[in-house]
Amino acid sequence: MSVEFIGFIGGHHASEIHPRSGPSLQPDYVEKVARAHEEAGFDRALVAFHSNSPDSTLIASHAASVTKRLKFLIAHRPGFVAPTLAARQFATLDVFNGGRTAVHIITGGDDRELRADGSYIGKDERYARTDEYLDVLRQEWTHEQPFDHQGQYYRVEGAHSDVKSPQQPQIPLYFGGSSAAAIAVAGKHADVYALWGETYEQVREVVNQVRAEAAKHGRSIRFSLSLRPILADTEAQAWERAERILQQARALAERNGFVRREPPNEGSRRLLAAAAQGSRLDKRLWTGIAGLLGAQGNSTSLVGTAEQVAEALLDYYDLGITTFLIRGFDPLEDAIDYGKRLIPLTRQLIAERERQAAEKVA
């Protein structure tokens with residue numbers, strides 16, 4: 001099975017160790033980082049969504065206009081626009097960019113952030129709304145004739161989209177969320193289920209859970225893992241770089257008056273549970289930044305030489321992971337470096353693993 005690499009396109013240059021300079025949306029930076037990802041051999045690039053961020057769909061549209069092959073994973077929070085409208089927006093974009101669109105469904109686990117966009121319902125109810133939202137979204141994408149829908153959250157009559165995605169049967173749906181409610185919806189709808197960078201044991205557990213949920217609907221599902229690789233020419237230098245990153249992140253957090261709080265979402269709690277076991281886990285998993293900042297999103301790393309990190313990615317591949325979302329603490333420079341060293345080497349190792357498996361079957 002082929003492997004997919006996803007990078008990250010932000011609206012500006014920033015990370016846990018780099019403070020933002022200038023406005024939150026800088027078109028020149030978007031263009032530069034999009035072109036860098038395409039040249040580096042990434043398959044896709046994620047465009048994130050937050051309640052105060054520039055629109056992810058429009059950023060992806062601009063990035064597509066300056067690239068030819070790079071595909072995009074657009075983070076989308078259901079429930080804030082009608083699913084019929086969202087379906088037509090994504091299908092329209094997919095026609096313009098030649099079938100390079102995928103959608104990452106993030107229902108959202110932080111009640112406080114969601115209130116900024118007017119959502120006041122609880123998490124389990126949000127996932128129930130997401131379930132229905134995706135039912136309607138799929139119908140808008142796939143039905144050739146007008147359809148009606150009457151549910152708890154949405155009611156439409158004669159809904160129909162004249163614009164259809166060039167991807168068949170539909171635009172791919174990626175899905176994030178680690179609670180029981182999230183996994184139930186993922187099993188029903190997701191083409192790719194996304195985890196953050198957890199331990200081998202945690203990944204094995206979640207993969208089995210999601211596969212079991214998908215099986216209830218007669219579906220199969222693929223899996224993505226998000227990590228922050230830290231590379232250097234030697235293992236010692238890589239760990240020294242990780243320590244520098246930790247010190248820089250601590251200094252920037254203190255300068256910004258950061259106060260760590262208990263995370264409201266299950267995914268962050270799982271990363272903190274891993275961090276509680278130690279800062280170095282399995283072969284190369286480093287939890288330093290997750291532990292420092294309360295696991296706010298994708299914050300665990302694989303640390304080592306390109307060869308060592310590629311071998312660790314191969315371990316995750318053996319657990320069922322076929323997509324790796326990787327971004328660095330030096331966003332642009334690391335993306336270029338991954339393209340030179342990590343991505344081609346990992347593809348080579350996985351191709352060899354698949355060749356050996358095929359020979360055994362033959």
Flag the pair Phe90 / Gln170 as yes when at least one side-chain heavy-atom distance between them is below 4.5 Å, and no otherwise.
no
Tell me whether Ile343 is reachable from Leu70 by hopping between hydrophobic residues (I, L, V, M, F, W, Y) whose side-chain heavy atoms are closer than 4.5 Å.
yes
Quick check against the 3.5 Å criterion: does Ser65 have a side-chain atom that pairs as donor or acceptor with the backbone of His62?
yes
Pick one: which of Asp94, Thr101, Thr92 meets side-chain contact (heavy atoms from CB on, under 4.5 Å) with Ser165?
Asp94
Using only atom types and a distance under 3.5 Å, with no angle test, would you say the side chain of Ser301 pairs donor to acceptor with the backbone of Val303?
no
Between Glu38 and Thr67 (side chain of the first, backbone of the second, donor and acceptor by atom type, cut-off under 3.5 Å), is there such a pair?
no
Would Leu281 end up clustered with Leu293 when hydrophobic side chains under 4.5 Å apart are linked, directly or stepwise?
no
So, Gln209 and Tyr193: side-chain donor and acceptor under 3.5 Å apart, yes or no?
no
Looking only at heavy atoms, which two atoms of Ser15 and Leu252 are closest? And how far apart?
O-CD2, 4.0 Å
So does Glu205 pair up with Arg270, basic N to acidic O under 4.0 Å?
yes
Count I, L, V, M, F, W, Y as connected when their side-chain heavy atoms are under 4.5 Å apart, and connections chain through other members. Are Phe5 and Ile9 then in the same cluster?
yes
Taking Ser224's backbone N and O only, do any of them form a donor-acceptor pair with Glu4's side chain (distance below 3.5 Å, no angle check)?
no
Minimum heavy-atom distance between Ala335 and Ala40, given as atom pair plus value
O-CB, 3.6 Å
Is any NZ, NE, NH1 or NH2 atom of the basic residue among Glu201 and Arg204 found under 4.0 Å from an Asp or Glu carboxylate oxygen of the other?
no
Leu271 and Gly297 have their tightest heavy-atom pair at CD1-O, 3.6 Å
Short side-chain donor-acceptor distance under 3.5 Å, Gln356 and Glu352
yes
Using a strict 4.0 Å threshold on nitrogen-to-oxygen distance, state whether Asp191 and Arg219 make a salt bridge.
yes
Could you tell me if the side chain of Pro166 sits less than 4.5 Å from the side chain of Val95, heavy atoms only?
yes
Trp196, Trp286: one ILVMFWY side-chain cluster at the under-4.5 Å cut-off?
no
Heavy-atom pair of closest approach, residues Val33 and Phe8
CG2-O, 4.1 Å
More than 12 heavy atoms of other groups within 6.0 Å of Arg155 CZ
no
Hey, does Phe329 have a side-chain heavy atom less than 4.5 Å from the side chain of His18?
no
Look at the side chain of Asp148 and the backbone N and O of Ala159, then say whether any donor-acceptor pair between them is shorter than 3.5 Å.
no
Donor-acceptor contact present, side-chain Tyr127 to main-chain Gly177, <3.5 Å:
no
Under 3.5 Å donor-acceptor, Ser56 side chain and Phe49 backbone
no
If you take all heavy atoms of Ser178 and Ile183, which pair is closest and at what distance?
O-CD1, 3.8 Å
Would you call Glu132 and Arg129 a salt bridge, using N to O less than 4.0 angstrom?
no
Under a 4.0 Å N-O cut-off, is there an ion pair linking Arg284 with Asp315?
no
Would you mind checking if Asp135 and Lys188 are paired as a salt bridge, meaning a charged N to carboxylate O distance below 4.0 Å?
yes
Quick one: do Lys283 and Glu311 make a salt bridge, cutoff under 4.0 Å?
no
Do Gln247 and Arg250 have side-chain atoms, one donor and one acceptor, less than 3.5 Å apart?
yes
Has the side chain of Asp282 got a donor or acceptor atom that lies under 3.5 Å from a matching backbone atom of Tyr200?
yes
Give me the ring orientation class for Tyr133 and Tyr154: parallel if the planes are under 30° apart, tilted from 30 to 60°, perpendicular past 60°.
perpendicular
Within the distance-only criterion (no hydrogens, no angle test), does the side chain of Glu243 pair as donor or acceptor with the backbone N or O of Trp239 below 3.5 angstrom?
no
Heavy-atom closest pair, residues Val66 and Ala34
CG2-CB, 4.3 Å
Would you call Arg241 and Asp337 a salt bridge, using N to O less than 4.0 angstrom?
no
Backbone N/O of Gly278 and side chain of Thr287: donor-acceptor pair under 3.5 Å:
yes
Does Val3 belong to the same Ile/Leu/Val/Met/Phe/Trp/Tyr cluster as Leu227, with side-chain heavy atoms less than 4.5 Å apart forming each link?
yes
